[in-house]
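Written out below as structure tokens is the structure these notes cover.
Here is how names work: the chains are called A, B, and so on, in the same order as the sequence lines, proteins then strands, and each is numbered from 1.
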Amino acid sequence: MLTLHDTATGQVVPLRPRQAGKIGLYVCGPTVDGVPHLGHGRFSLVFDVLRRYLLFSGLEVTYVSNITDIEDKIIERAADRGVPIEEFTASNEALWWEIMDALGVLRPDETPHATAYVDRMVDLIRDLVERGVAYETATGVYLSVLDVPGYGLLARQPLDSLRAGARIEADEEKRSPLDFVLWKKAKPGEPSWDAPWGAGRPGWHTECVVMALDLLGEGFELHGGGQDLIFPHHENERAQAVADGKEFARHWMHNGWVTVGGEKMSKSLGNFTSLADLLERSDARAYRVLVLRSHYRSPIEVTPDTIAQAEAGLARLDELARRFDLSDLLADGPLTGPSSQDGELDSDAVAAFVAAMDSDLDTPGALATVFDLARRANAAADAGDDDGAARAARTAALLAGALGLRLGADGAAEVDDAAAGLVAARDDARASKDWARADALRDELEAAGWLVEDSAEGTRIRRR
RNA sequence: GGCGGCGUGGCCGAGUGGUUUAGGCAGGGGCCUGCAAAGCCCCGUACGGCGGUUCGAUUCCGCCCGCCGCCUCCA
């Protein structure tokens, strides 16, 4: 049974499905105001792994992740570039999905867009005003957080200390500095929708409540995102649901930062690396390995060195896939638990994997079982125990796949004629024990970017 | 100031009141190999500091030091 750290209580507790076997999962997606960076990649990978594991555990999962396509920065940047907002957000979103695909992140079941939900947001805001917990000012409509029972639950701080740090808003009409905007009245030239309070646009915190409740229903199982969303974003989402008399998420899960030189990577610090840059210079799977190697709540440091370490580990697993015929397991990660079609598996290792994952998603522990299986598979094969080797190797590939890691025998393809000629020549040289010539030919192949290995069948090469 | 997290062997990174090692990378030795590569075997005896509880603490408690974050848009 999967247990997870719940931000609301600070405890690691079992998930409590409304209905046995079904999980509704809402994860705050990106604001499409620019290029996706490492931080986006981390949350995407963390929740992709969670989702895959829920499926692996035999649960039925509905995964919803939104696209915020209307927001202040979007308006600003689109204007700076002189392009229509829709065009700006559409191109950023296209890039987003392109990169998610490259990272092997499964598409959400639903990807609601804020702009498609404005009417429903207006409905919610109207409701909150009628209930007397929201009020209108010259600049917009605000939620009165002091009227919300339990406000501060996620922040886990007394209201006073939150208030002490609250920014002085331009709007002096706000009843409490913590009150946040539900509806922003449009200034001239800004995009807007009609509403009872005048043309305007919804505040950021409103979209996720409406979309989550619409697509997953009241009291859905799990709501997640990066730790920086805990307060105020998630706090405020919850506040609106509570103020509207609805049960919101039962469980809250938040992933840790990507750090650079020990500091949080963030848009405001400007110290971020785009995912496109990362993917250009490393194996797309390396970042997933990096994310898996640490616990989801710990910070991770992404540097050329840590990426290289991840790639080295990956090479070891790829070597395993090359040594054993695992093609039927390599196509796609399993999206269900192990089945009889997977052949004989190492049930102890599967149990260890499950125990690790069930324990607040201990992916480093889960990965360790995969590497352990790899070693055992190789050792068994070296010892002539083919059955044991196959069992361990198949289990390793299956479990890696469950984490979304596709082991590859890539690089074997597309041996060009020139390289093939060198390989043949080298095999001849080796057959006649002309070692000097054989070594020279190996150097030539390596200079051409090939990795050279001898085997019983002769010289084998693959791309580095 | 308030609240929270972290500090493990060369590096990354789990975990636990004591008997059997997390795992990976790098490094050393060995096996295999014409030489390599890959693979396998062996090795380094780590847990920020000071006290306390305990038969025994890296693991519990207290204090201290250091680092990071939230309290403002941010994954």
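Regarding A:His295, its NE2 atom lies at a distance of 16 Å from the C1' atom of B:rC12, rounded to whole Å. The distance from atom CD1 of A:Ile461 to atom P of B:rA38 is 17 Å, rounded to the nearest whole Å. Rounded to an integer number of Å, the gap from CG of A:Leu320 to C1' of B:rG24 is 15 Å. Between the CG atom of A:Leu317 and the C1' atom of B:rC25 there is a distance of 13 Å, rounded to whole Å. The CH2 atom of A:Trp257 sits 10 Å away from the P atom of B:rA75 (whole-angstrom rounding). The distance from atom CZ of A:Arg293 to atom P of B:rG15 is 15 Å, rounded to the nearest whole Å. Rounded to whole Å, atom P of B:rG69 lies 12 Å from atom CD of A:Gln227. Atom P of nucleotide B:rA22 and atom CG of A:Leu292 are separated by 22 Å, given to the nearest angstrom.
Note on A:Arg437: nothing from the nucleic acid sits closer than 4.0 angstrom, heavy atoms only. Looking at heavy-atom distances under 4.0 Å, A:Pro36 makes no contact with the nucleic acid at all. At a threshold of 4.0 angstrom between heavy atoms, the contacts of A:Arg375 are confined to the sugar-phosphate backbone, with no base atom among them. Residue-level contact check: A:Leu367 touches neither bases nor backbone, having no heavy atom under 4.0 Å from any strand. Among the heavy atoms of the strands, none lies under 4.0 Å from A:Gly10.
Considering only the side chain of A:His37, B:rA75 comes nearest among B:rC40, B:rA75, B:rG34. Set against B:rG39, B:rG23, B:rG34, the side chain of A:Phe371 has B:rG23 as its closest nucleotide. Closest to the side chain of A:Lys73, out of B:rC73, B:rG34, B:rA38, is B:rC73. Distances were taken from every side-chain heavy atom of A:Glu319 (C-beta onward) to each of B:rA14, B:rA37, B:rG39; the shortest belongs to B:rG39. Of all nucleotides listed (B:rA75, B:rA37, B:rC12), B:rA37 comes nearest to the side chain of A:Leu451. Nearest nucleotide to the side chain of A:Val258, out of B:rG24, B:rG34, B:rA75: B:rA75. Among B:rG23, B:rC73, B:rC41, the nucleotide with an atom closest to any side-chain atom of A:Glu71 is B:rC73. When distances are taken from the side chain of A:Asn378 to each of B:rG39, B:rG23, B:rC41, the shortest belongs to B:rG39.
Applying the 4.0 Å criterion to OP1 and OP2 of B:rA14, one finds that A:Ser298 has a side-chain N or O inside that range. Contact check, A:Asn255 against B:rA75: no side-chain N or O comes under 4.0 Å of OP1 or OP2. Look at A:Arg316 and you'll find a side-chain N or O under 4.0 angstrom from OP1 or OP2 of B:rC40.
Across all strands shown, B:rC25 is found opposite B:rG10 as a Watson-Crick or G-U wobble partner, with both distances under 3.5 Å. Nucleotide B:rG44 forms a pair with no other nucleotide shown, judged by Watson-Crick or G-U wobble geometry with both contacts under 3.5 Å. Applying the Watson-Crick and G-U wobble criteria (two distances, each under 3.5 Å), B:rG39 pairs with B:rC31. Across all strands shown, the partner of B:rG4 is B:rC68, judged by Watson-Crick or G-U wobble contacts whose two distances both fall under 3.5 Å. For B:rC50, the paired nucleotide is B:rG62, the pair qualifying as Watson-Crick or G-U wobble because both relevant distances are below 3.5 Å. In this entry B:rC55 has B:rG18 as its Watson-Crick or G-U wobble partner, both defining distances falling under 3.5 Å.
Between A:Arg293 and A:Ile300, every side-chain heavy-atom pair lies at or beyond the 4.5 Å cut-off.
Taking only distance into account, the side chain of A:Arg430 meets the base of B:rG34 through a donor-acceptor pair shorter than 3.5 Å. A donor-acceptor contact under 3.5 angstrom links the side-chain atoms of A:Asp439 to the base of B:rG34. Checked by distance alone, A:Arg297 brings no side-chain donor or acceptor within 3.5 Å of a matching partner on the base of B:rG69. No donor-acceptor contact under 3.5 Å links the side chain of A:Arg322 to the base of B:rA38. For A:Asp228 and B:rC73, a side-chain-to-base donor-acceptor distance below 3.5 Å is absent, hydrogens and geometry of angles not being considered.
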Step by step, work out the salt bridge (Lys or Arg N to Asp or Glu O under 4.0 Å) result for A:Asp318 and A:Arg323.
CA-CA 9 Å; A:Asp318 284 343; A:Arg323 184 172 186 179; over 6 Å; no
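Between the side chains of A:Glu301 and A:Thr306, no donor-acceptor pair of N or O atoms lies under 3.5 Å.
A:Phe231 and A:Tyr151 have perpendicular rings, their planes meeting at more than 60° on a 0 to 90° scale where under 30° would count as parallel. Using a 30° and 60° split on the angle between ring planes, A:His234 and A:Trp252 fall in the tilted class, from 30° to 60°.
Taking the six-membered ring for Trp, A:Phe220 and A:Phe248 have ring centres closer than 6.0 Å.
Without hydrogens or angle criteria, A:Gln240 side chain to A:Asn236 main chain gives a donor-acceptor distance under 3.5 Å.
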